[in-house]
Amino acid sequence: MQRVRTGATAWMAALVAASGAALLSGCALDPAGLAIGAMNAASMPSEASLVADTVPSYRGTDCQTLATQLRWHSDQLRSVDPAYREAVVVNVKAVRQVMAEQRCAAADTGAVAGAGGASPAPAVANEPQGAMGAAVGPLTAELARAVGLEAPRGLLVTELMPGRAAELSGIRSGDVILEVRGVAVGDAAQIRRALGVVPDGQSVLVKLWRARELRELIVGPIASSTPALPPGAVYADAPVLAPAPERERYCVAQLATSSFFTSGVRSPLLTVRNDGSEGESAKLVAAFQLAAQKAQPGKWLAPLRRLNCNRDSKVCSSVSADAEVLLMLCETEREKGAAVYESLRQSKPLTELAWSPPAP
């Protein structure tokens, strides 16, 4: 489990940076939903137990699909985020065990199955099959507690296929998928069946657990063995989410090194108007990072990881490979925003950058 703990170090730095202000604002202190990677050795289950827990999710999958899953998981080891490398290793060992149980030929080829594939697996008993491009595994009791669920339910997303529906729609490694199209899911086969009845190329509503909060995402285009709709036809069950209203938000952003956060820059208290979405928050922090790079050329060069926010974007963070931490905290009430700013100003001796957000 050393890889998991090492990969989580920088992320934990971001959580520590948010602690003082998060307590003031009442925000969850795990904006990235990465408590899984931060679990210590005493609470982490052994690799053998993780493999044993994962094996049932692959049983019953045909050999052709298992072989492709094995190749895909193995390929991911070259590029996967270190924080999730151990999860990939667990999946590789689980697939190999099931292939041995089912006496599969290692040379079998075929499409990747279920949530983990680019296209649907061959139908079982003529059932339609679908996929969204996310590899999933069972949620153990230890992991359920780590992410704030009272009991193990749903499926943990361990990998995403680049350019497929899950990644394009905002699902992330570390999310827990609870429902697909209103169907509670407990194994990959249930996801395949739930997606299989959707016409190829359409979208579905997915309920998931992230950063100790329930969220809903529209995920698509789904790859399905059900034929695509003819041109001009409308999918009767197409999901619709009501847009969040725009409102004023009072935010402070800072970019700092993780070594006790003693070196870096911070914004003044910012007044912005947006819907509080992760996309709008990402635009704001990207503009702040660019301003910081111009103000201190040569200091902030490392690219940051994808921004991670809690549901209403009160707490957003991103950490570079060199442990540079970009943090943004927002409130919808000016007094609370001012309190967050003052807390950061007093506790973190950073240089204040005279900067205001660009006009929309």
Side-chain angles (χ1 to χ4, degrees), residues 22 25-28 30-33 115 130 132-134 147-149 153-155 157 160 164-185 190-191 194-195 197-224 228-229 232-251 270-287 306-317 328-334 336-337 357 359-360:
S25 62
C27 298
D30 191 7
M132 59 175 152
V147 300
L149 286 170
R153 61 190 180 101
L155 293 165
V157 177
L160 297 170
R164 302 299 177 182
E167 183 194 50
L168 294 176
S169 303
I171 288 180
R172 296 179 181 164
S173 294
D175 286 347
V176 178
I177 296 178
L178 302 174
E179 295 182 10
V180 176
R181 293 182 50 253
V183 178
V185 293
Q190 289 176 314
I191 294 185
L195 296 177
V197 301
V198 178
D200 187 66
Q202 298 298 308
S203 299
V204 298
L205 185 66
V206 173
K207 290 185 179 181
L208 55 83
W209 186 257
R210 178 191 297 169
R212 299 175 180 267
E213 296 173 329
L214 182 65
R215 305 197 187 192
E216 293 183 330
L217 289 180
I218 294 176
V219 178
I222 298 301
S224 171
L229 296 175
V234 178
Y235 178 43
D237 295 329
V240 177
L241 292 178
E246 287 195 352
R247 53 184 175 174
E248 282 195 340
R249 298 162 61 80
Y250 306 94
C251 306
L270 309 171
T271 301
V272 298
R273 185 173 182 81
N274 58 36
D275 60 6
S277 67
E278 205 161 51
E280 289 299 317
S281 298
K283 293 177 185 178
L284 184 61
V285 296
R306 184 174 181 174
L307 188 71
N308 294 281
C309 301
N310 64 356
R311 182 171 51 188
D312 55 5
S313 295
K314 282 191 172 184
V315 182
C316 296
S317 64
M328 185 175 73
L329 303 172
C330 294
E331 290 288 351
T332 54
E333 298 176 27
R334 179 180 290 276
K336 290 184 178 180

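One-based numbering along the sequence shown.
- To the nearest 0.5 angstrom, Lys207 atom NZ is 14.0 Å from Ile177 atom CD1.
- Taking the side chain as every heavy atom from C-beta outward, Asp175 and Arg215 never approach each other to under 4.5 Å.
- Ser203 places no side-chain N or O within 3.5 Å of a backbone atom of Ile218 that could act as its donor or acceptor partner.
- For the pair Val285 and Ala282, the tightest heavy-atom approach, listed with the atom from each and the gap, is CG2-O, 3.3 Å.
- Of all the heavy atoms in Gly148 and Trp209, the pair that sits closest is O-CZ2, 3.6 Å.
- You'll find the side chain of Glu216 reaches within 4.5 Å of the side chain of Leu205, heavy atoms only.
- Put simply, the side chain of Arg334 reaches to within 4.5 Å of the side chain of Thr271, judged on heavy atoms.
- The shortest distance between side-chain heavy atoms of Lys283 and Val272 does not fall below 4.5 Å.
- Of all heavy-atom pairs between Asp200 and Ala228, the closest is O-CB, 3.4 Å.
- In this structure, Asn274 CG and Arg247 CZ are separated by 9.5 Å, a value rounded to the nearest 0.5 Å.
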**OP:** Run the numbers on Arg249 and Glu280 for salt bridge (Lys or Arg N to Asp or Glu O under 4.0 Å), then give the verdict.
**Re:** CA-CA 12 Å; Arg249 298 162 61 80; Glu280 289 299 317; over 6 Å; no

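- Contact annotation: the side chain of Pro357 approaches that of Leu270 to within less than 4.5 Å [non-hydrogen atoms, C-beta and beyond].
- When all heavy atoms are compared, the tightest approach of Glu246 to Arg273 is O-NH2, 3.5 Å.
- Considering every non-hydrogen atom in both Ala165 and Gly220, the closest pair reads CB-C, 3.6 Å.
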Original post:
Should Cys316 and Cys330 be marked as a disulfide bond (SG atoms under 2.5 Å apart) after you check the CA-CA gap, both sets of side-chain angles, and the distance that decides it?
Top reply: CA-CA 9 Å; Cys316 296; Cys330 294; over 6 Å; no

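- Across all their heavy atoms, Met328 and Ser281 have their closest contact at CE-CB, 3.7 Å.
- With Arg181 contributing its side chain and Ala194 its backbone, the two residues share a donor-acceptor pair below 3.5 Å.
- For the atom pair Leu329 CG and Lys336 NZ, the distance stands at 14.0 Å (nearest 0.5 Å).
- In this structure, CZ on Arg172 lies 9.5 Å from CG on Leu217, to the nearest 0.5 angstrom.
- For the atom pair CD of Glu331 and OH of Tyr250, the computed distance is 11.5 Å after rounding to the nearest 0.5 Å.
- Put simply, the side chain of Leu214 reaches to within 4.5 Å of the side chain of Leu178, judged on heavy atoms.
- Going from atom CG of Leu155 over to atom CD of Gln190 covers 7.5 Å, rounded to the nearest 0.5 Å.
- Between Met132 and Ile222 the shortest side-chain heavy-atom distance falls below 4.5 Å.
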